[in-house]
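To find a chain, count down the sequence lines: A is the first, B the second, and so on, and within it residues start at 1.
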2 protein chains.
Amino acid sequence: MYAMSIWTSPERPARGPKPVYSRARITEAAIRIADAEGLEAATMRRIAAEIGAGAMSLYRYVPSRDDLIELMADRLTGEIDLTGVPSGDWRADLTRYADELRAMWRRHPWIAAVPRSLPGLGPNQLRLIERLMGVLDPHVPIDENLGLVGLLNGYVEGAVREEIGAAEELRRSGLSEPEWMARNHAHVDRLVKSGDHPIFTKIVMEARRPHLSRDDQFRHGLRRVLDCVAAALPPAT
Amino acid sequence: MYAMSIWTSPERPARGPKPVYSRARITEAAIRIADAEGLEAATMRRIAAEIGAGAMSLYRYVPSRDDLIELMADRLTGEIDLTGVPSGDWRADLTRYADELRAMWRRHPWIAAVPRSLPGLGPNQLRLIERLMGVLDPHVPIDENLGLVGLLNGYVEGAVREEIGAAEELRRSGLSEPEWMARNHAHVDRLVKSGDHPIFTKIVMEARRPHLSRDDQFRHGLRRVLDCVAAALPPAT
DNA sequence: TGCTCATTGCGTACATCGTACTCGGTGACC
DNA sequence: GGTCACCGAGTACGATGTACGCAATGAGCA
C-alpha cells in the first residue's frame, strides 16, 4: 500500500480498541512545541512525549512527519478568521485578511520554515481560498485574481519576515542574545566603516533609528499594495 | 572558540601544507548536487564525495552545513547580473532585475527551501543591495525604497514558486510522475466534484486550460507591480 | 456467550544525518 | 634543520525519521 496524501486518508475506521489520541491532539502538541522552540524542535519523539505517547504511536495517526507538518499548516490557516468576508467592501476585506495573516505569522513564526512549493489543500486552506478569492471574484477574471492575491500574500509574507527576522535568526543561531548582538554588530560595523557600501550603510542607520510603529509601517505598505489592486480593477468598482 | 559568522572567518591563513580544496569548489559541488537532486540531497558526505574528499575535510573550509548553505545562497546571488544598473531608467532596471531573479530561481529551485529570516550579508548579496537599491535611492527615502524592493521581491518569489511548484512537489514526494499525477488528480477531482468549492474549481479549470506563456504572464504581473512603484515615486520621475 | 481478527499502543532496531575528536603527515617559518 | 600550525580523513556519538513485529484490546458474528 502506498502512502496516501494526508487529505485523502480518513481519520479512522472502526473495529479494535478505541484510539487513545487523535490527529487534532497530535497536531496541537506539535504546534505548541514549534511555537516555543521552533519547527526543528518538533521531532516525532518530542511530540509523542508531549502527549504522553510512545514515539511510534504517532504513526497510527499520521503517515509521516512531512504530512504532520501539512496538518499543522492547515491548522494555522484555520486561525485566519474571515467570517463575513466577502462583505462587499473589497478594500476592507483584504485589509482584514492581511491583518489576520500577519497576526498568525507573528504567533507562529516557524511557518516561514515550512518548505512549500504549492498551496496546501486542507479543509481550512480550501475554505480560505473560497472566502478570500471571493472578494475579487465577481470583478476580475480568475487568473487576474490569483495574481492579485499572490501579490498581497507576497507583501504580507515579506513584511512579516522582516519583522520576525532578527528574533528568529537569534533563536536559530543558538547563541545568547548579547553574544549574537556582539557578533552581528561587529560584522555590520566593519561593513559600514569600510565605506564601500553607502546604501547598506543608510539601511543600517535607518534600522537603528527609532522608527514608525510596526503597525503603521505595515499599514502604509499595505495601502500601497491595495492601490495597486485598485488599479487592476474595472473602473466602476 | 566560538563559530564565527561565515563572512567574518577568512578563507585561509598561511603556514602548513597547502589546502587541496577551497570554499569555492565545495560550494560549487554542493550547488551542483542541489540543482540535480534538491537541497536535502546535498549532505556533507555527498558533497565531499563529489569532489573526492573525506567527509570531515569539508569542516576545514566551512564551520557548519548551515554556513555552507549561506555560501551557496550568496553564490546564487552572484548569478544575478546587474552590470550597468542603475542606468537612469528605473523601470528598465527593475524589469532587468526581476527577469534575472526569476531566471536564477528557475535554475536553482531549491533556493525556495533555504530557511532565511534575514537577508544574507555575503559579498554578492551586498553588491546586489547597492546596485538594486541604487535604482530608486535618489528618488525615495530609504525606508520607502526598502518597502518597494521588498514588494518586487515578494512578487517575483511568489510567481516563481507557482511556476516551479508542481515539479518541486513531485520531486519532494519521491513518487513517480504518473503515480503522483494520479494521486493528486484524484484528490483534486474529488474536491471539484463535491461542488463545495466553486472558486477552487475555477482555479483548477483555469490551470488545466492552455494558458498564456509563462513569460507573458510574468511580465503582465510585473507591469502591475511597477505601476505600483511608480505611484509611490515623486511625480516628476 | 464466546471466538475471531482488525486495530491499538509501542519497544526494538536500523540507516542516515551533522559533526566532535583525534591522528599522522606536511611544509613554511625562525 | 627543527618547530609547530595546518592539512586530510577515519572513527565515533547522539539524534533523527521510521520499518517491523508483538501483545493487548474489543466490535462483530456464530
Is it the case that the side chains of B/Ser64 and B/Asp66 hold a donor-acceptor pair, with the cut-off being a distance below 3.5 Å and no angle test?
no
One would report the end-axis bend of the helix from C/dT4-D/dA27 to C/dC30-D/dG1, five pairs per end and rounded to 10 degrees, as 0°
Atom CZ in A/Arg190, atom CH2 in B/Trp7: separation rounded to 0.5 Å?
13.5 Å
Nearest to the side chain of B/Tyr21, which nucleotide is it out of C/dG11, D/dG8, D/dG17?
D/dG8
Contacting residues from residues 29-41 of chain B, given that a heavy atom lies under 4.0 angstrom of DNA chain D
none
Could you check how far CZ of B/Arg23 sits from P of D/dG8, rounded to whole Å?
13 Å
Please determine which of B/Val135, B/Leu101, B/Thr83 meets the side chain to side chain contact (heavy atoms under 4.5 Å, CB included) test together with B/Arg96.
B/Thr83
Nearest listed nucleotide, side chain of A/Tyr59, among D/dG8, D/dT18, C/dG9
D/dT18
B/Val20 side-chain proximity, nearest of D/dA9, D/dT18, D/dG8:
D/dG8
Identify whether the distance between the nearest side-chain nitrogen and carboxylate oxygen of A/Glu70 and A/Arg116 falls below 4.0 Å.
no
Give a yes or no on whether a salt bridge exists between A/Glu40 and A/Arg171, defined as a side-chain N under 4.0 angstrom from a carboxylate O.
yes
Could you tell me how far apart A/Met44 (CE) and C/dT16 (P) are, to the nearest whole angstrom?
20 Å
Distance-only donor-acceptor check, side chains A/Tyr61 and A/Asp67, under 3.5 Å
no
Does the base of C/dG18 carry an N or O that pairs as donor and acceptor with the side chain of B/Arg65 under 3.5 Å?
no
Between P on D/dG8 and NZ on B/Lys18, what's the gap in Å once rounded to a whole number?
13 Å
Separation of atom CG in B/Leu68 from atom C1' in C/dG18, rounded to whole Å
12 Å
Using the side-chain heavy atoms of A/Pro17, tell me which of these nucleotides is nearest: D/dG8, C/dT8, C/dA28.
C/dT8
Does A/Glu28 pair with A/Arg25 as a salt bridge, N-O distance under 4.0 Å?
no
Any donor-acceptor N/O pair, B/Gln125 side chain to B/Gly122 backbone, under 3.5 Å:
yes
Residues B/Glu168, B/Arg161: salt bridge by 4.0 Å N-O rule:
no
Among the candidates D/dA19, C/dA28, D/dA9, find the nucleotide nearest to the side-chain atoms of B/Met56.
D/dA9
Is any side-chain N or O of B/Tyr61 closer than 4.0 Å to OP1 or OP2 of D/dC7?
no
Please work out if B/Thr43 contacts a base, only the sugar-phosphate, or nothing of the nucleic acid, heavy-atom cut-off 4.0 Å.
sugar-phosphate
Rounded to whole Å, please give me the gap between CD1 in A/Ile47 and P in D/dA15.
17 Å
Of A/Ala55 and B/Ala42, whose closest DNA chain C nucleotide lies nearer the 5' terminus?
A/Ala55
Is the shortest side-chain N to carboxylate O distance from B/Asp81 to B/Arg127 below 4.0 Å?
no
Comparing nearest nucleotides in DNA chain D, the 5'-proximal residue of the pair B/Ala53, B/Arg45 is B/Ala53
Can you measure A/Ile69 atom CD1 to D/dT16 atom C1' for me and round it to whole angstrom units?
13 Å
Can you check the B/Leu58 CG to C/dC17 C1' distance for me, whole Å?
14 Å
